[in-house]
Amino acid sequence: MIDLKLLQKDFQDVSDKLARKGVSIELLNSLKKKSEELKAAKVAFETLQAAQNAMSKEFGIYKKEGKDVNELKARVDANKIKITEALETQRIEQEELESLAMSIPNIPDDDVPYGKDENDNVEIKKVLSPREFSFTPKEHWELAEKNGWIDFERGVKLATSRFSVSFGMGAKLERALINFMLSFNSKRGFEEVSVPSIVNRTALEGTGQLPKFEDDLYKIQDQELFLIPTAEVPVTNLFQDEILLPTQLPIKMTAYTSCFRKEAGAAGRDTRGMIRQHQFHKVELVCIAKPEDSDKIFEEMVQTASDLLSALELPHRLVTLCSGDLGFSAAKTVDLEVWLPGQNTYREISSVSNTREFQARRAKIRYKDENKNSFVHTLNGSSLAVGRTMVAIMENFQNEDGSIVIPKVLEPYIN
RNA sequence: GGAUAGAUGGGUGAGCGGCUGAAACCACAUCCCUGCUAAGGAUGCGUAGGAGUAAUCCUACCGAGGGUUCAAAUCCCUCUCUGUCCA
C-alpha cells in the first residue's frame with residue numbers, strides 16, 4: 001500500500017510518479033480527499049468517545065458514593081446516540097478509503113526509466129554470447145516431442161489446455177534443475193524453505209495480488225483460499241504482522257513451489273509449447289531487509305539469478321523494466337531474459353523486484369529500528385522459472401539431429 | 001464427526017464488570033556497583049492512530065466478529081485456531 005501520509009504531504013510528487021505508472025490524478029485526488037475525511041470522522045468519534053469514557057468513570061464514583069445517577073444517565077444516553085452515528089460514519093469512510101488505497105500500485109523508483117510498455121524497457125547488459133549454429137535451430141516444442149521429454153496432449157487430457165506432462169529425461173531434467181537451483185541459492189546464503197501451495201486472502205492482499213487481480217488466480221471452491229501464483233506470496237507473508245529484530249535482518253530465503261496462474265488476458269499468446277502454462281515450477285528468492293540495505297540486496301539477487309544462468313551456460317541479458325511495464329507491487333524490477341535460438345529472441349526467465357515498503361505496509365512486516373518500529377523492505381525474484389529454463393536448455397544445447405546435451409553442472413543432479 | 005480445555009504484551013503467565021493497557025517473572029536497553037569468565041542494584045521497555053513547540057494528553061487493541069451494560073480482557077452468542085479424549 002502506498003504511504004497515505006506521504007500522499008498528503010507531497011501530493012504533487014507522488015501523483016507525478018504514479019502518473020508514470022498510469023495512475024490518474026483524479027483517483028489520487030479522491031484518495032487524498034477520502035483520507036482527510038476519514039481523519040475528521042475519527043477525531044469527531046474519538047472526542048465523543050472520550051466524553052463517554054469520562055462519564056462512565058463518574059458513574060462508578062457516583063454509585064460508590066451513593067449519589068443519584070439519573071441525571072448523569074440521561075446525559076450518557078444522549079451522547080451514546082451521537083457515538084453510534086459517528087462510528088457508522090467513520091466505518092463507511094474507512095471502508096471506502098481502504099478499497100481505494102489497496103488498488104493503487106507502488107510508486108516507481110526515481111531511476112526507473114519512463115515508458116509505456118515492454119518495448120521501452122532498457123537493456124543493462126548481455127551475458128555470454130549466443131552460440132553460432134551450423135543449422136537452423138528448432139523450437140523447443142519440436143525438440144521436446146522428438147525426444148519424448150514433454151507430452152502436451154496428455155496434459156490437456158488430464159486437465160485442460162496449457163498443461164503438460166514431462167517424461168523420462170524431461171522429468172529428470174526438471175527435478176535436476178530444481179535441486180541444482182536450490183543448492184546454488186543455498187550456497188549463496190539463501191535459506192531453503194518449503195511452504196504451502198494454498199494461501200488465504202490476507203496473504204494475497206499482503207503481497208498485492210488481491211484485491212485487484214483475483215481473475216488471475218485459481219480459487220478453491222467455496223473457500224477463501226487460493227492456489228499460489230508464485231512462492232513470493234507464502235514466503236513473504238511468513239513474517240506478516242511481525243516485528244523483527246534488526247539482528248534478524250536481512251532474511252534471505254529460497255523456495256521451490258509449483259505456481260498456478262489462470263493467465264487471464266493472455267489468450268493467444270505463447271499458445272505453443274511451455275512458455276506460458278497454467279501450472280509451472282519455479283525456484284524463488286525472497287528477502288526481507290532494512291531499508292538502507294535493500295539496494296545492495298537487490299543487486300545481490302539479480303547477480304545470483306544471472307550467475308545461475310551463467311552456470312548453466314545460458315546466454316542472457318539484463319533489462320530494467322520501464323515505468324509502464326512495472327508490476328503492481330514493484331518499485332523497481334530487473335528482468336533476466338534468456339536467449340532462445342529457436343525463437344531467435346530473448347525471453348523473460350526471471351524477474352527480480354524491490355517492492356520497498358509497499359508489501360511490508362500491507363502485510364505489516366516491521367522491525368525495531370532504534371526505539372521505533374519501521375517497515376522493512378521486501379524483495380523477490382525468480383531463480384529461475386524451471387519450465388522456461390528447460391526451454392532454454394533444449395534450444396541452446398540442441399544438436400542437428402534434434403538430440404540435446406545436458407549442461408555439465410547438471411550432471412551430478414541427473415543420476 | 002462427537003466431547004472437553006484453552007487463546008492475554010518479545011517469551012512464560014496473573015487478572016473480582018469500574019481503581020487493568022493490563023500483576024509477576026524472563027528477555028531486552030541504559031546506568032550504578034563489581035576487577036572477572038558470574039552476581040547484585042536502579043530505571044526504562046506493547047502496537048496503531050490523533051492533538052500539542054514540548055512536558056503531556058486523547059482514542060482503539062487482551063484470537064476474530066457481533067451482543068448485553070452508563071462501563072467488558074472479565075458476562076452472552078457465532079466463527080477460527082490449538083491441546084486432550086472418544087468415534
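Chain letters run A, B, ... following the sequence lines, proteins first and then strands; every chain starts at 1. Heavy atoms only: backbone and side chains are in, while hydrogens, waters and symmetry mates are out.
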Taking pairing as Watson-Crick or G-U wobble with both contacts under 3.5 Å, can you name the mate of [N], or confirm there isn't one?
| N | value |
| --- | --- |
| B:A22 | none |
| B:U30 | B:A42 |
| B:U4 | B:G83 |
| B:G52 | none |
| B:G65 | B:C77 |
| B:A60 | B:U47 |

Interatomic distance, [X] [atom1] vs [N] [atom2] [rounded to whole Å]:
| X | N | atom1 | atom2 | answer |
| --- | --- | --- | --- | --- |
| A:F59 | B:C19 | CZ | P | 15 Å |
| A:I61 | B:C70 | CD1 | P | 18 Å |
| A:I83 | B:C58 | CD1 | C1' | 14 Å |
| A:L97 | B:A48 | CG | C1' | 15 Å |
| A:N79 | B:A71 | CG | C1' | 13 Å |
| A:E58 | B:U69 | CD | P | 21 Å |
| A:R366 | B:U47 | CZ | C1' | 6 Å |
| A:Y367 | B:U47 | OH | P | 14 Å |

Separation of the [atom1] atoms in [N] and [M], to the nearest angstrom:
| N | M | atom1 | value |
| --- | --- | --- | --- |
| B:C25 | B:C77 | P | 36 Å |
| B:U30 | B:G15 | C1' | 31 Å |
| B:U74 | B:G66 | P | 14 Å |
| B:U68 | B:U4 | P | 27 Å |
| B:A24 | B:G13 | C1' | 8 Å |
| B:A72 | B:G17 | C1' | 6 Å |
| B:G40 | B:U56 | C1' | 35 Å |
| B:U43 | B:A23 | P | 15 Å |

Determine, for [X] against [Y], whether the closest basic-nitrogen to carboxylate-oxygen distance falls under 4.0 angstrom.
| X | Y | value |
| --- | --- | --- |
| A:R201 | A:E214 | yes |
| A:K252 | A:E300 | yes |
| A:R347 | A:E337 | no |
| A:D325 | A:K116 | no |

[X] vs [N]: side-chain N/O to OP1/OP2 distance below 4.0 Å:
| X | N | result |
| --- | --- | --- |
| A:K73 | B:A71 | no |
| A:Q49 | B:A60 | yes |
| A:N53 | B:U59 | yes |
| A:K80 | B:U69 | no |
| A:K364 | B:C61 | no |

What do the steps show when you test A:L4 against A:L31 for side chain to side chain contact (heavy atoms under 4.5 Å, CB included), and what is the final call? CA-CA 9 Å; A:L4 290 175; A:L31 183 66; 3.8 Å; yes

Please determine, for the side chain of A:Q52, which listed nucleotide (B:G50, B:A71, B:U47) has the closest atom?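 Nearest to the side chain of A:Q52 among the choices is B:A71.
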
With the side chain of A:A50 defined as its heavy atoms from C-beta on, choose the nearest nucleotide among B:A48, B:G50, B:C58.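 For A:A50, the side-chain atoms sit closest to B:C58.
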
Have a look at A:L72 and say if it touches a base, only the backbone sugar-phosphate, or nothing, with a 4.0 Å heavy-atom cut-off.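 It contacts nothing in the nucleic acid.
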
Report the C-alpha distance between A:F260 and A:Y218 in whole Å, list the side-chain angles of each, state the deciding distance to 0.1 Å, and finish with yes or no for ring pair (Phe, Tyr, Trp, His ring centres under 6.0 Å). CA-CA 7 Å; A:F260 305 88; A:Y218 284 103; 7.0 Å; no

Rounded to the nearest 0.5 Å, what separates atom OG1 in A:T254 from atom CD in A:E284?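 The OG1 atom of A:T254 sits 8.0 Å away from the CD atom of A:E284.
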
If you assign A:G60 and A:D77 each to the RNA chain B nucleotide with the nearest heavy atom, which residue ends up on the more 5' nucleotide?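 Checking each residue's closest nucleotide, the 5'-ward one belongs to A:G60.
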
If you find the nucleotide of RNA chain B closest to A:S56 and the one closest to A:S374, which residue's nucleotide is nearer the 5' end?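 Result of the comparison: A:S56.
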
